[in-house]
Peer 1: 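This is the structure I want to talk about, given as structure tokens.
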Amino acid sequence: MKAKPAVQQAMLALFVASLLGCSAVDNVNYADQASQNQTDISQRLIEQLIEQLLATSNANEVPDQSVARLTDLVNVPELQQFMTAALENNPSLQQSVVALNMAYAQHGITSASRLPSVDASFSGTLTEDSEDSYTTDITVSWELDLWQKIADSSNAALKDIASTQASLQSAQDLVVANVMRSWLDISLKQQLVTIETQRLAVLDNNQALILARYRVGLGSLEDLDNATTSVASTQATLVDYQEQLAQSRRNLTLLTGQWTGSDVSVDISTQFPTVLNPIDSLGQQNLGRRPDIKAAFYNIEAESLRTDAAYKAMLPSISLSASLSDMAQSPSDALLTGPLWSVLGQLSAPLFQGGKLKSQAELARLTTEQRYWVYQETLLNAVNEVENTVGQEYSLAKQQQHLTDAQLSAQRSFVSYEQKYRQGLVDIFDLLTVQQQTFDVEAQLVTTIYNRLINRIDLGLALGLGVSHEA
């Protein structure tokens, strides 16, 4: 009889050792690998982009004002109210807020496993030809977290919260960026409407001049038909731009999450607002500030913790329970007036479940690896976005300069051909061609400036610029 406890202890030690060996699987630390990859890319590629950009950009174009947040790019007081309304009421953003609250609730569920649980029960039995009996029972149970399995699950839920917070930040940044883009889009459409209106006025004057010349026999019917065709075509384009402008105003209202039944009441300038270039803050930026990269990294850490918990599920577990119970013939006497107490300690270990626990641990490990590759994809996409937007800033600046030169030349040619046509030195086709070219270049220039300003917002997002939590 005395040898039995010793044998049991030896068997238990051997059993635990074997299980520890099962859990000591070669588990790659994907979080460390991801962190190292991010550091290497941030230090090398971003520095190369800075050097390349500073070598090709004009120093006079770099603003003195520093850029720390996404909202610093555009300083328009009227725009702030739309950003505030969007952050408070945008339906898509509010879904992210609910998702964060759900993550907090899930953490509460997971953390509850670390605390003792208390259950109370009251039952009564009525039996024919027997006395009634009533039973009251209160049980306190607690599983000892010897291997930190429950702690790993709880910490994984904390990482889920951090990931959801980063996703919420990403959603806030995107909503603010879309409001800024929508504001610029309205300004663009207004300028295009103005250009088409000016084009139509010039073509109307041409038509009136050609009609007057035709009546006195100085022009042909073909000239009048060409002028009429140009007027009608421009009228159709103008109607299209006007509808696009109305849609842009409705889209801005939609982003705020509030339907007013009317277009935006705020007057938006026909001139583009100043959009600062975030390139001057590249030296202080790090890809780790991007919320999508943060979320992907937290997902790796969460799944790594779940993997540890899955392997620890194959280890023995110890649970304690204590109970107070009372039985009497009346409900009042059964309310623990003379209870009996009992304490139970239990050691349990999974012996055979058909490979279920091992498969669950392997699945958790593969999920962690999958999260790692998702992180790698997110990181590479982030670097690609920075490269593309930096390259676009340089390219669009060159395009803007060339189109500005082209506009000046087209305007001089416009005046010259108009005078020559009045003198009968060129035909109406040449005049219409030069006029259309002038307005086309002006519209192209406006669109290029718009694309450059939009690209600066995209560059701010790519660099990890975001909005403050108070915005």
Side-chain angles (χ1 to χ4, degrees), residues 27-57 67 69-70 73 92 96 99 156 159-160 162-178 181 277-307 363-396 451-452 454-467:
N27 189 18
V28 180
N29 195 325
Y30 292 105
D32 288 346
Q33 287 189 7
S35 179
Q36 184 61 39
N37 290 342
Q38 176 188 314
T39 302
D40 293 342
I41 291 178
S42 297
Q43 289 179 349
R44 288 183 297 167
L45 295 184
I46 298 300
E47 288 178 359
Q48 293 175 4
L49 290 173
I50 297 174
E51 294 175 359
Q52 176 185 0
L53 186 66
L54 294 179
T56 56
S57 63
V67 177
R69 298 178 300 176
L70 190 64
L73 298 179
S92 177
S96 299
K159 296 298 182 180
D160 289 337
S163 175
T164 309
Q165 286 176 333
S167 298
L168 175 59
Q169 181 64 51
S170 179
Q172 291 175 334
D173 298 344
L174 183 59
V175 166
V176 170
N178 286 336
R181 291 169 180 153
N277 191 346
I279 292 176
D280 63 333
S281 61
L282 268 173
Q284 291 76 37
Q285 298 303 318
N286 186 295
L287 289 180
R289 294 182 57 178
R290 286 179 54 126
D292 56 343
I293 292 181
K294 288 183 179 180
F297 184 77
Y298 288 135
N299 287 336
I300 294 177
E301 293 185 318
E303 295 303 329
S304 296
L305 290 168
R306 291 192 179 95
T307 300
L363 178 61
R365 187 192 66 80
L366 293 174
T367 303
T368 304
E369 183 178 358
Q370 183 185 50
R371 294 296 186 183
Y372 170 77
W373 291 114
V374 170
Y375 174 87
Q376 286 293 99
E377 182 181 15
T378 304
L379 182 60
L380 293 176
N381 287 336
V383 174
N384 186 60
E385 289 177 7
V386 174
E387 290 179 320
N388 289 339
T389 49
V390 169
Q392 277 289 90
E393 171 64 26
Y394 175 71
S395 174
L396 291 171
N451 290 332
R452 187 182 181 188
I454 290 294
N455 183 73
R456 289 184 172 183
I457 298 175
D458 296 339
L459 178 57
L461 287 175
L463 293 176
L465 294 181
V467 298

Peer 1: Distance from Arg181 atom CZ to Asn178 atom CG, nearest 0.5 Å?
Peer 2: 5.0 Å
Peer 1: Drop me the distance from Leu465's CG to Ile457's CD1, to the nearest 0.5 angstrom.
Peer 2: 11.5 Å
Peer 1: Before you tell me yes or no, could you show the steps for Arg452 and Asn455 under side-chain hydrogen bond (donor to acceptor under 3.5 Å, both in side chains), namely the whole-Å CA-CA distance, both residues' side-chain angles and the distance that decides it to 0.1 Å?
Peer 2: CA-CA 5 Å; Arg452 187 182 181 188; Asn455 183 73; over 6 Å; no
Peer 1: Ala296 and Thr378: which non-hydrogen atoms are nearest, and at how many Å?
Peer 2: CB-OG1, 4.2 Å
Peer 1: Kindly indicate whether the side chain of Asp458, heavy atoms from C-beta on, has any atom under 4.5 Å from the side chain of Ile454.
Peer 2: yes
Peer 1: Which heavy atom of Ile300 sits nearest a heavy atom of Thr368, and at what distance?
Peer 2: O-CG2, 4.1 Å
Peer 1: Minimum heavy-atom separation for Asp173 and Gly466, please, with both atom names.
Peer 2: OD1-CA, 3.3 Å
Peer 1: For the atom pair CZ (Arg371) and OG (Ser304), what is the distance rounded to the nearest 0.5 Å?
Peer 2: 11.0 Å
Peer 1: Identify the residue among Leu380, Val386, Asn388 that makes a side chain to side chain contact (heavy atoms under 4.5 Å, CB included) with Asn384.
Peer 2: Asn388
Peer 1: With a 4.5 Å limit on heavy-atom distance, are the side chains of Asn277 and Leu459 in contact?
Peer 2: yes
Peer 1: Less than 4.5 Å apart, side chain to side chain, heavy atoms only: is that true for Leu73 and Pro278?
Peer 2: yes
Peer 1: Rounded to the nearest 0.5 Å, what separation is found between the CD atom of Glu385 and the CG atom of Leu463?
Peer 2: 10.0 Å
Peer 1: So, for Phe297 and Tyr375, which heavy atoms are closest and what is the spacing to 0.1 Å?
Peer 2: N-CD1, 3.6 Å
Peer 1: So do Gln376 and Tyr372 actually touch side chain to side chain, heavy atoms under 4.5 Å?
Peer 2: yes
Peer 1: For a side chain to side chain contact (heavy atoms under 4.5 Å, CB included) check, start with the C-alpha distance between Lys294 and Tyr298, then their side-chain angles and the critical distance, and finish with the verdict.
Peer 2: CA-CA 6 Å; Lys294 288 183 179 180; Tyr298 288 135; 4.2 Å; yes
Peer 1: Does any part of the side chain of Arg306, heavy atoms only, come nearer than 4.5 Å to the side chain of Thr367, both counted from C-beta?
Peer 2: no
Peer 1: To the nearest 0.5 angstrom, please state how far the CG atom of Leu461 sits from the CG atom of Leu174.
Peer 2: 7.0 Å
Peer 1: Enter the distance from Glu303:CD to Asp160:CG here, rounded to the nearest 0.5 Å.
Peer 2: 7.0 Å
Peer 1: List the steps, then state whether side chain to side chain contact (heavy atoms under 4.5 Å, CB included) holds for Asn299 with Val374.
Peer 2: CA-CA 9 Å; Asn299 287 336; Val374 170; over 6 Å; no
Peer 1: Write down the atom of Ala166, the atom of Pro291, and the distance for their closest heavy-atom approach.
Peer 2: O-CB, 3.2 Å
Peer 1: Which residues satisfy the side-chain hydrogen bond (donor to acceptor under 3.5 Å, both in side chains) test with Asp292, sequence neighbours excluded?
Peer 2: Arg290
Peer 1: Would you please test Gln169 and Val467 for side chain to side chain contact (heavy atoms under 4.5 Å, CB included) and show each step?
Peer 2: CA-CA 8 Å; Gln169 181 64 51; Val467 298; 3.8 Å; yes
Peer 1: Of the non-hydrogen atoms in Ala171 and Ser96, which two are nearest, and what is the gap between them?
Peer 2: CB-OG, 3.6 Å
